[in-house]
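So that the names make sense, note that chain A is the first sequence line, chain B the second, and so on, each numbered from 1. Side chains are part of it too, since the values below use all heavy atoms of this structure and drop only hydrogens, waters and symmetry mates.
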There are 2 protein chains.
Amino acid sequence: MSLRHAVLGLIAELEGASGYDLLKLFDLSLANVWTATQSQIYGELGRLAADGLIRVAAEGPRGRKEYAITEAGRAEMRRWLTETRPRYLRRDEPLLRVFFLGQVGADTAAELLDADSAGIDGLLDELVALDERIPWKEDDLSFYGGLVIEYGKRFMEMRRDWARWARGEVEARAAGD
Amino acid sequence: MSLRHAVLGLIAELEGASGYDLLKLFDLSLANVWTATQSQIYGELGRLAADGLIRVAAEGPRGRKEYAITEAGRAEMRRWLTETRPRYLRRDEPLLRVFFLGQVGADTAAELLDADSAGIDGLLDELVALDERIPWKEDDLSFYGGLVIEYGKRFMEMRRDWARWARGEVEARAAGD
DNA sequence: CGATGACATTCCACTTTTGACATGTCAACA
DNA sequence: TGTTGACATGTCAAAAGTGGAATGTCATCG
């Protein structure tokens with residue numbers, strides 16, 4: 001139930017956010033950490049409110065509902081952070097393909113690894129652009145968000161370097177070896 | 001539909017595998033790439049067979065069914081590898097927690113980052129043990145599997161180093177800064 | 001011979017995620 | 001004034017994933 005806590009956590013940090021705000025926030029701040037579709041967010045907001053972890057604090061124009069976290073919600077966030085262990089879920093489609101690259105020729109394999117490093121480079125550029133677009137402040141969210149951005153950069157660089165190295169290995173093997 | 005191709009790809013590489021074999025293989029070879037439960041694997045085998053991408057090549061004792069890939073299955077594997085673009089799905093629960101670490105004190109945040117790097121160290125140890133347990137050969141699966149293992153090691157090291165760095169940042173900030 | 005544990009499959013209820021479709025409001029600009 | 005585009009929510013069917021129960025076979029060991 002991580003989505004639930006992603007939504008709850010964002011509302012905790014930004015009182016008065018609406019579903020629509022959260023939707024943009026997922027792209028902006030949680031982009032390389034967690035994804036969510038619109039239907040998931042609105043659904044979860046309804047469930048969180050039904051469970052008393054958040055409440056509709058105000059209603060604005062166009063049916064806008066601004067949510068605020070409740071005391072029960074804050075307690076649940078703390079409980080989740082300190083009393084549950086995170087799951088490291090391992091599901092990586094580009095890497096899954098690498099595993100089966102023997103099923104195409106070495107040339108194609110090298111091309112696919114090139115495409116992978118290029119794709120990662122693109123993601124890295126996006127992340128750097130994001131970093132520059134964010135109005136960094138002195139608050140907790142900026143601080144911890146900054147740690148996460150740094151993680152993203154290190155991850156992309158590691159991954160790109162690995163893809164380049166792997167491509168070299170494939171070439172060396174094809175060249176005879 | 002990555003699970004489908006994970007199952008199909010394994011059968012392509014290891015003709016004569018059963019659902020039970022695949023189940024163990026997911027733990028052994030795909031552990032840090034893709035996960036699957038028993039019910040998922042058996043379900044997917046049934047669907048792949050119904051779609052003509054694999055067939056039951058032999059039946060063994062205890063109701064064992066050994067599968068073989070069909071020509072249509074091989075074609076589908078190649079199509080998937082070369083004609084579709086992988087999705088980089090970003091969903092990382094430990095990292096999601098970091099994002100919200102402002103909601104607990106700096107002491108707790110530092111502890112949680114310690115737990116993260118310790119957890120990753122554990123995963124790295126498992127991976128090294130796995131590497132040593134695998135009977136490496138000269139075939140394609142060993143070669144590409146080796147690239148994936150190397151990726152896993154680089155990933156774990158990067159992640160552990162990041163967690164240690166992040167913990168230092170949290171301490172420095174708490175100390176006054 | 002009986003117990004155990006690895007082998008092996010099937011099925012099911014539930015939750016989560018995906019990818020639309022549908023509906024409507026409001027501000028700004030041509 | 002009309003139209004465009006951002007704002008804003010609700011709902012739903014289908015696909016994917018989780019977690020466990022139920023069932024039975026076969027080989028080995030004491």
Side-chain angles (χ1 to χ4, degrees), chain A residues 1-8 10-11 14 16-28 30-31 33-51 54 56-67 80 84-93 96, chain B residues 1-8 10-11 14 16-28 30-31 33-51 54 56-67 80 84-93 96:
Chain A
M1 293 228 283
S2 292
L3 174 76
R4 154 160 280 209
H5 295 97
V7 170
L8 185 57
L10 283 179
I11 290 172
L14 289 113
S18 67
Y20 190 82
D21 293 339
L22 255 31
L23 191 56
K24 285 179 301 173
L25 229 36
F26 262 84
D27 277 347
L28 184 69
L30 290 177
V33 176
W34 208 268
T35 55
T37 60
Q38 183 250 39
S39 52
Q40 260 185 305
I41 290 172
Y42 283 106
E44 198 57 57
L45 283 170
R47 264 168 270 135
L48 283 166
D51 293 346
I54 60 175
V56 178
E59 304 210 17
R62 287 175 270 206
R64 176 188 175 91
K65 292 180 188 170
E66 298 185 346
Y67 291 93
W80 177 68
T84 66
R85 289 294 101 215
R87 294 167 42 178
Y88 293 86
L89 73 67
R90 283 157 290 184
R91 210 159 268 178
D92 188 321
E93 198 186 318
L96 179 63
Chain B
M1 292 228 283
S2 293
L3 173 76
R4 151 160 281 209
H5 296 98
V7 169
L8 184 57
L10 282 178
I11 291 173
L14 289 113
S18 67
Y20 191 81
D21 292 339
L22 256 32
L23 192 56
K24 284 179 301 174
L25 229 37
F26 262 84
D27 277 348
L28 184 70
L30 290 177
V33 176
W34 208 269
T35 55
T37 60
Q38 183 247 41
S39 52
Q40 258 185 306
I41 290 172
Y42 282 106
E44 199 57 56
L45 283 171
R47 262 167 270 137
L48 283 166
D51 293 346
I54 61 175
V56 178
E59 304 210 15
R62 286 175 269 203
R64 176 187 174 93
K65 292 181 188 169
E66 298 186 346
Y67 291 94
W80 177 68
T84 65
R85 290 294 102 215
R87 293 167 44 179
Y88 293 87
L89 73 64
R90 284 158 289 185
R91 211 160 267 179
D92 188 322
E93 197 187 318
L96 179 63

- prompt: At under 4.0 Å, does any side-chain N or O of A:Arg91 touch on OP1 or OP2 of C:dT17?
  reply: no

message: Can you tell me if B:Arg62 touches the phosphate of D:dG24, counting only side-chain N or O atoms and a distance under 4.0 Å to OP1 or OP2?
response: no

message: Does a side-chain N or O of A:Gln40 approach OP1 or OP2 of C:dT18 to a distance below 4.0 Å, or not?
response: yes

- request: Tell me which of B:Arg47 and A:Gly19 sits closer to the 5' end of DNA chain D, going by the nucleotide each one is nearest to.
  value: A:Gly19

- prompt: So, B:Thr35 and A:Arg91: side-chain donor and acceptor under 3.5 Å apart, yes or no?
  reply: yes

message: Does C:dT18 have OP1 or OP2 under 4.0 Å away from a side-chain N or O of B:Arg87?
response: yes

task: Could you check how far CG of A:Leu45 sits from C1' of D:dT11, rounded to whole Å?
output: 15 Å

query: Could you state the CE-C1' distance from A:Met1 to D:dG17, rounded to the nearest angstrom?
result: 16 Å

- prompt: Is it true that a side-chain atom of B:Tyr20 and a backbone atom of B:Lys65 form a donor plus acceptor pair closer than 3.5 Å?
  reply: no

- prompt: Does B:Tyr20 put a side-chain nitrogen or oxygen below 4.0 Å from OP1 or OP2 of C:dC7?
  reply: yes

Residue pair A:Arg4 / A:Asp51, side-chain heavy-atom distance below 4.5 Å: yes

- prompt: Does some side-chain heavy atom of B:Asp21 sit less than 4.5 Å from a side-chain heavy atom of B:Leu10?
  reply: no

statement: Closest to the side chain of A:Ser39, out of D:dT9, C:dC12, C:dG19, is C:dG19

- line: Here the distance between atom P of D:dA8 and atom CD of A:Glu66, to the nearest Å, is 8 Å

- prompt: Taking CZ from A:Arg90 and P from D:dG17, how many angstroms apart are they, rounded to a whole number?
  reply: 16 Å

field: Proximity to the side chain of A:Leu3 - top-ranked nucleotide from C:dT10, C:dA8, C:dT17
entry: C:dT17

message: From OH of A:Tyr42 over to C1' of C:dC21, roughly how many Å is that when rounded to an integer?
response: 15 Å

- request: Nearest-nucleotide wise, let me know which of A:Ser2 and B:Arg64 is further upstream toward the 5' end of DNA chain C.
  value: B:Arg64

- prompt: Less than 3.5 Å between a donor and an acceptor, one on the side chain of A:Gln38 and one on the base of C:dT18, is that the case here?
  reply: no

field: Protein-nucleotide distance (A:Asp27, atom CG; D:dC7, atom P), rounded to Å
entry: 13 Å

query: Could you state the CH2-C1' distance from A:Trp34 to C:dT17, rounded to the nearest angstrom?
result: 11 Å

- request: Output yes when at least one side-chain N/O atom of A:Lys65 is less than 4.0 Å from OP1 or OP2 of D:dC7, else no.
  value: no

- prompt: Roughly how many Å is it from CD1 in B:Ile41 to C1' in C:dC7, rounded to a whole number?
  reply: 15 Å

- line: By nearest-heavy-atom nucleotide on DNA chain C, the more 5' of A:Gly63 and A:Thr37 is A:Thr37

task: Answer yes or no: is there a side-chain heavy-atom contact under 4.5 Å between B:Val56 and B:Tyr67?
output: yes

